[in-house]
Amino acid sequence: MKKKMYFVWANPKKESLTAKIVNSMKKQGLENGYEVSELDLYRSGFEGSLEVMDHPVWDSKEQNYSQKVYDLFDEVKGSDTVVFVFPIWWYSFPAILKGYIDRVWNYGLAYGNGSKIPVEKVRWVALAGDTEQSFKKRDNDKYLEHFTINSISSYCGITDAKLEIIYDTLIFDKEPAGSEAYKTLFKRVNTIIDDLDK
């Protein structure tokens with residue numbers, strides 16, 4: 001049986017660097033024998049605001065979320081690996097991705113009442129416009145690692161979780177497709193996929 005890989009990514013620009021990285025990693029996953037699917041949060045029409053229906057009832061073992069939440073959680077449940085790809089805005093996620101975590105990785109599904117998300121591995125690929133030196137100056141790398149690995153992944157029962165921060169991504173605004181910079185970038189992110197089976 002093929003292993004399944006599920007991408008969740010967020011960028012309002014369809015032809016963004018985020019999208020190019022996702023496409024490269026998806027291709028690598030297919031070449032490595034994975035069944036690959038994706039959720040493009042912006043193009044899917046996902047609503048990032050958590051409304052009353054999707055707010056947990058903390059003192060109840062039974063939740064009654066919107067059907068959209070259950071449908072999207074079912075997509076996660078069938079996956080061996082989930083890969084998040086996103087630009088870093090204000091040293092965190094785009095709001096729509098935070099909304100996805102709030103709504104879909106919800107109480108009683110991904111955590112709470114003995115629940116944990118049935119995923120073996122999660123990889124977080126974060127794109128920073130800042131240089132590595134500047135980003136680390138205020139320990140933003142440590143903050144983001146703690147947030148993604150400890151506060152989310154581990155809390156939901158996923159022990160194999162890693163964060164890759166790609167710095168200085170604004171240089172790609174001036175890079176032509178197929179340049180050495182792009183080749184180096186794609187090789188780097190594709191290695192994340194290759195290393196899943198090691």
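Worth saying up front: this structure is predicted, and the values here are computed from it rather than measured. Note that these values count all heavy atoms, side chains included, but never hydrogens, waters or copies made by symmetry.
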Exercise. Counting N and O atoms only, with roles assigned by atom type, does the side chain of Thr169 sit under 3.5 Å from a partner on the main chain of Ala128, one being a donor and the other an acceptor?
Worked result: yes
Problem set entry | Under 3.5 Å: donor-acceptor pair, side chain of Asn190, backbone of Phe186 | yes
Problem set entry | Sidechain-backbone polar pair: Ser44 side chain, Asp40 backbone, donor-acceptor under 3.5 Å | yes
For this session: Just do the side chain to side chain contact (heavy atoms under 4.5 Å, CB included) check on Trp124 and Ile152 with the steps written out, would you?
Result: CA-CA 11 Å; Trp124 304 88; Ile152 299 177; 4.0 Å; yes
Problem set entry | Spacing of Ile101 atom CD1 and Ser151 atom OG [to the nearest 0.5 Å] | 11.5 Å
Exercise. Out of curiosity, does Trp9 fall in the hydrophobic cluster containing Leu127 (side-chain heavy atoms, cut-off under 4.5 Å, transitive links)?
Worked result: yes
Problem set entry | Carboxylate-amine/guanidinium proximity below 4.0 Å for Lys183 and Glu180 | yes
For this session: May I ask you to decide if Thr131's main-chain N or O and Ser134's side chain share a donor-acceptor pair within less than 3.5 Å?
Result: no
Problem set entry | Where Tyr182 and Ala177 come nearest, the two heavy atoms and their spacing | CD1-CA, 4.1 Å
Side-chain donor-acceptor pairs under 3.5 Å in residues 85-100, sequence neighbours left out?
from, atom 1, to, atom 2, distance (Å)
Lys98, NZ, Asp102, OD1, 2.8
Lys98, NZ, Asp102, OD2, 3.2

For this session: Applying side chain to side chain contact (heavy atoms under 4.5 Å, CB included), run through Ser37 and Glu35 and close with a yes or a no.
Result: CA-CA 7 Å; Ser37 57; Glu35 182 179 322; over 6 Å; no
Problem set entry | Single-linkage hydrophobic cluster Val189~Leu30, side-chain heavy atoms < 4.5 angstrom | yes
For this session: Test side chain to side chain contact (heavy atoms under 4.5 Å, CB included) on Ile117 and Tyr111 and set out the steps.
Result: CA-CA 7 Å; Ile117 202 157; Tyr111 71 95; over 6 Å; no
Exercise. Do Phe147 and Leu50 share a hydrophobic cluster, counting only Ile, Leu, Val, Met, Phe, Trp and Tyr and linking them when any side-chain heavy atoms are less than 4.5 Å apart?
Worked result: no
Seminar exercise, completed: To the nearest 0.5 Å, atom CD of Glu38 lies from atom CE of Met25 at 12.5 Å
Seminar exercise, completed: Closest heavy-atom pair, Tyr70 versus Gln63, reported as atoms and distance to 0.1 Å, is OH-O, 3.1 Å
Problem set entry | Interatomic spacing from CD1 in Ile192 to CD1 in Ile21 - rounded to 0.5 Å | 8.5 Å
For this session: Check whether Phe84 and Tyr155 end up in the same hydrophobic cluster, where Ile, Leu, Val, Met, Phe, Trp and Tyr are linked by side-chain heavy atoms less than 4.5 Å apart.
Result: yes
Problem set entry | Separation of His146 NE2 from Lys142 NZ (nearest 0.5 Å) | 13.0 Å
For this session: Measure the spacing between CD of Glu132 and CG of Asp168 and express it to the nearest 0.5 Å.
Result: 9.5 Å
Problem set entry | Ion pair check, Glu164 and Arg188, cut-off under 4.0 Å | yes
Exercise. Minimum heavy-atom separation for Gly29 to Val36, with atom names?
Worked result: C-CG2, 4.0 Å
Seminar exercise, completed: To the nearest 0.5 Å, atom CG of Leu196 lies from atom CG of Asn32 at 8.5 Å
Exercise. Does a side chain donor of either Glu62 or Ser60 reach within less than 3.5 Å of an acceptor in the other side chain?
Worked result: no
Exercise. Would you find a donor on one side and an acceptor on the other, under 3.5 Å apart, between the side chain of Arg103 and the backbone of His55?
Worked result: no
Seminar exercise, completed: In terms of heavy-atom contacts, Ala10 and Leu41 come closest through CB-CD1, 4.1 Å
For this session: Spell out, yes or no, whether Val8 and Val22 are grouped together once hydrophobic residues are joined by side-chain heavy atoms under 4.5 Å, including indirect joins.
Result: no
Exercise. Given Lys20 and Leu185, is the side chain to side chain contact (heavy atoms under 4.5 Å, CB included) satisfied, shown in steps?
Worked result: CA-CA 10 Å; Lys20 293 173 183 176; Leu185 172 65; over 6 Å; no
For this session: Mind listing the closest non-hydrogen atom pair of Lys121 and Asp197 along with its distance?
Result: NZ-N, 4.4 Å
Problem set entry | Test item: Asn106 side-chain N/O and Val69 main-chain N/O as donor-acceptor pair under 3.5 Å | no
Could you pull out every donor-acceptor pair under 3.5 Å between side chains of residues 72-83 and any protein atom, sequence neighbours left out?
from, atom 1, to, atom 2, distance (Å)
Asp74, OD1, Lys77, NZ, 3.3
Glu75, OE1, Tyr6, OH, 2.4
Ser79, OG, Glu75, O, 3.1
Asp80, OD2, Lys4, N, 2.6

For this session: Looking only at non-hydrogen atoms, find the nearest pair between Phe135 and Asp141 and report the distance.
Result: CE2-N, 3.4 Å
Seminar exercise, completed: Partner of Arg123 under side-chain contact (heavy atoms from CB on, under 4.5 Å), picked from Leu163, Asp160, Ile193, is Asp160
